[in-house]
*Asks:* 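The structure follows.
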Amino acid sequence: MHSHQTAGDVVAAQIRRQRERLGMNREQLAAECARLGRPDLTYAVIVTIETGRSGGEGRKRRPVTVDDLLVLGLALATPPLLLMLPLGSEDTVPTVPAADPRDPYTVWQWMTGEATPTLDGPIDGRYVPDSRQIAGTGQTWAAAWATAAYPAWLYPELARRRETAHKARLRAALDPSAQTEYVDRLDELAQIVNDMTRASLTVPALPAELGEDLKRLGLLDHPDQINHERH
């Protein structure tokens, strides 16, 4: 069953909830927004966001833009995405008008690219990804999503492998017998770096020691595209 609640309704409720969590009144929230460069998010605007209606009679709610969401999240010491997808405090949140509400963590995974949206259904009790082809490409919608979401997997994995390689390097500096493990961790790091360059993605700067060892061992497809961190 589709819900009449909108994402804007959820955001408005969470702005108020997080403001009250901090013991902050609307004037104080407006002042914090001004400090962050948004003096237009005034007391009156915050009132209309929190108490206005998204439809029907009564005071109309001012829509919260993406720019607003970022500032309000920072002003409320709350990850902005949590204003839209309140993990742990709501059973369901709206998705799109043509689809059913879903649990917040499922939608969170869609928003971060961790999972493919399953808007179709329920079919035999299950929701499924969109299987239609995109006009002119021959790709299915799900395949196109996976391609676009690929960086959302690569960048956290790069950070994980970089940290693992850094720790292995420190061990190898103290114990020569750990050198083989360090090379193995470098190889794993190089795989992600090479995947990123093949996908034409910018590789974040690496610690100079790791970058130089990757190049020295010939593990990189495009060593010229790797920059070192500045200390």
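Position 1 is the first residue of the sequence; numbering continues from there. Only heavy atoms go into these numbers, but all of them, side chains included; no hydrogens, no water, no symmetry mates. Here the structure is a predicted model, which is why all the values come from computation and not from measurement.
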*Asks:* Sub-3.5 Å donor-acceptor pair from the side chain of R171 to the main-chain atoms of A178, do we have one?
*Replies:* no

*Asks:* Determine whether more than 12 heavy atoms belonging to other residues, nucleotides or ligands lie under 6.0 Å from atom CG of D91.
*Replies:* no

*Asks:* With sequence neighbours excluded, tell me which residues meet side chain to side chain donor-acceptor pair (under 3.5 Å) with Y182.
*Replies:* D213

*Asks:* Do C33 and L72 make a side-chain contact, defined as non-hydrogen atoms from C-beta onward lying under 4.5 Å apart?
*Replies:* yes

*Asks:* What pair of heavy atoms forms the shortest contact from L69 to V64, and how long is it?
*Replies:* N-CG1, 3.8 Å

*Asks:* Side chain of R62, backbone of V45: donor and acceptor closer than 3.5 Å?
*Replies:* no

*Asks:* Search all heavy atoms of L85 against all heavy atoms of V107 and return the closest pair with its distance.
*Replies:* CD2-CG1, 3.7 Å

*Asks:* How long is the gap from CD on Q133 to CD on Q139, to the nearest 0.5 Å?
*Replies:* 9.5 Å

*Asks:* If you count heavy atoms of other groups shown closer than 6.0 angstrom to NZ of K167, is the number above 12?
*Replies:* no

*Asks:* List the atom of P156, the atom of P151, and the distance in Å for their closest heavy-atom pair.
*Replies:* CD-O, 4.2 Å

*Asks:* Is N227 close to L206 at the side-chain level, that is, under 4.5 Å between some pair of heavy atoms?
*Replies:* no

*Asks:* Main chain of R102, side chain of T106: is a donor-acceptor contact present, judged purely on distance under 3.5 Å?
*Replies:* no

*Asks:* Please determine if E50 and R61 form a salt bridge, counting it only when a charged side-chain N lies under 4.0 Å from a carboxylate O.
*Replies:* no

*Asks:* Could you go step by step and tell me if L189 and L158 meet the side chain to side chain contact (heavy atoms under 4.5 Å, CB included) rule?
*Replies:* CA-CA 7 Å; L189 176 61; L158 174 73; 3.6 Å; yes

*Asks:* Is the side chain of D130 donor-acceptor paired with the backbone N or O of W141 at a distance under 3.5 Å, no angle test?
*Replies:* no

*Asks:* Taking the side chain as everything from C-beta on, heavy atoms only, tell me whether S89 gets closer than 4.5 Å to Q14.
*Replies:* yes

*Asks:* Given side chain to side chain contact (heavy atoms under 4.5 Å, CB included), test M111 with M84 step by step and report yes or no.
*Replies:* CA-CA 10 Å; M111 295 288 281; M84 185 175 176; 3.9 Å; yes

*Asks:* Measure the spacing between CG of L210 and CD of E163 and express it to the nearest 0.5 Å.
*Replies:* 9.5 Å

*Asks:* Filter on side chain to side chain donor-acceptor pair (under 3.5 Å), then keep only pairs touching residues 28-41, sequence neighbours left out; what's left?
*Replies:* E32-R35, R38-D40, R38-D68

*Asks:* Would you please test Y127 and D120 for side chain to side chain contact (heavy atoms under 4.5 Å, CB included) and show each step?
*Replies:* CA-CA 6 Å; Y127 291 91; D120 289 356; over 6 Å; no

*Asks:* Can you tell if the side chain of R198 reaches within under 4.5 Å of the side chain of D195, non-hydrogen atoms only?
*Replies:* yes

*Asks:* Quick check: is L214 connected to Y155 through a chain of hydrophobic side chains (ILVMFWY, heavy atoms under 4.5 Å apart)?
*Replies:* yes

*Asks:* Return the minimal non-hydrogen interatomic distance between V10 and P94, and the atom names on each side.
*Replies:* CG2-CD, 3.6 Å

*Asks:* Quick one: does W153's side chain get under 4.5 Å of E114's, heavy atoms only?
*Replies:* no

*Asks:* Taking ring-ring contact (aromatic ring centres under 6.0 Å, His included) as the test, write out the residues that go with W110, two or more places apart.
*Replies:* none

*Asks:* Less than 4.0 angstrom from a charged side-chain N to a carboxylate O is my criterion; do E90 and R17 meet it?
*Replies:* no

*Asks:* How long is the gap from CG on L186 to CZ on R162, to the nearest 0.5 Å?
*Replies:* 13.0 Å

*Asks:* Would you call E212-R216 a salt bridge at under 4.0 Å N-O?
*Replies:* no

*Asks:* Do T78 and R21 have side-chain atoms, one donor and one acceptor, less than 3.5 Å apart?
*Replies:* yes

*Asks:* Give the intermediate values and the outcome of side chain to side chain contact (heavy atoms under 4.5 Å, CB included) for residues R169 and E209.
*Replies:* CA-CA 9 Å; R169 178 181 173 277; E209 299 84 357; 3.2 Å; yes

*Asks:* Looking only at non-hydrogen atoms, find the nearest pair between L36 and V71 and report the distance.
*Replies:* CD1-O, 3.7 Å

*Asks:* So, taking the atom named CD1 in I192 and the one named OG1 in T197, what distance separates them when rounded to the nearest 0.5 Å?
*Replies:* 11.0 Å

*Asks:* Linking I/L/V/M/F/W/Y whenever any side-chain heavy atoms sit under 4.5 Å apart, do I134 and V96 land together?
*Replies:* no

*Asks:* Has T95 got a side-chain atom pairing as donor or acceptor with D100's backbone, closer than 3.5 angstrom?
*Replies:* yes

*Asks:* Side chains of T65 and D67 only: does a donor on one sit below 3.5 Å from an acceptor on the other?
*Replies:* no

*Asks:* Check whether any side-chain heavy atom of L201 lies under 4.5 Å from a side-chain heavy atom of L154, and answer yes or no.
*Replies:* yes

*Asks:* Closest heavy-atom contact between G113 and A152?
*Replies:* CA-CB, 4.1 Å

*Asks:* Starting at CG of L22, measure out to CG of L29 and round the result to the nearest 0.5 Å.
*Replies:* 9.0 Å

*Asks:* Between L170 and V183, is there a shared hydrophobic cluster once you connect ILVMFWY residues whose side-chain heavy atoms come closer than 4.5 Å?
*Replies:* no

*Asks:* Decide yes or no for P101 and V93: does some side-chain heavy atom of the first lie under 4.5 Å from some side-chain heavy atom of the second?
*Replies:* no

*Asks:* Evaluate the side-chain proximity of L119 to V128: yes if any heavy-atom separation is below 4.5 Å, no if none is.
*Replies:* no

*Asks:* Counting neighbours of CZ on R126 that are heavy atoms of other residues, nucleotides or ligands and sit closer than 6.0 Å, is the number greater than 12?
*Replies:* no

*Asks:* What's the spacing between R26 CZ and R19 CZ if we round to 0.5 Å?
*Replies:* 5.0 Å

*Asks:* Have Q191 and D187 got a donor and an acceptor in their side chains that come within less than 3.5 Å?
*Replies:* yes

*Asks:* Answer yes if W108 and W145 sit in the same cluster of Ile, Leu, Val, Met, Phe, Trp and Tyr residues linked by side chain heavy atoms under 4.5 Å apart, and no otherwise.
*Replies:* no

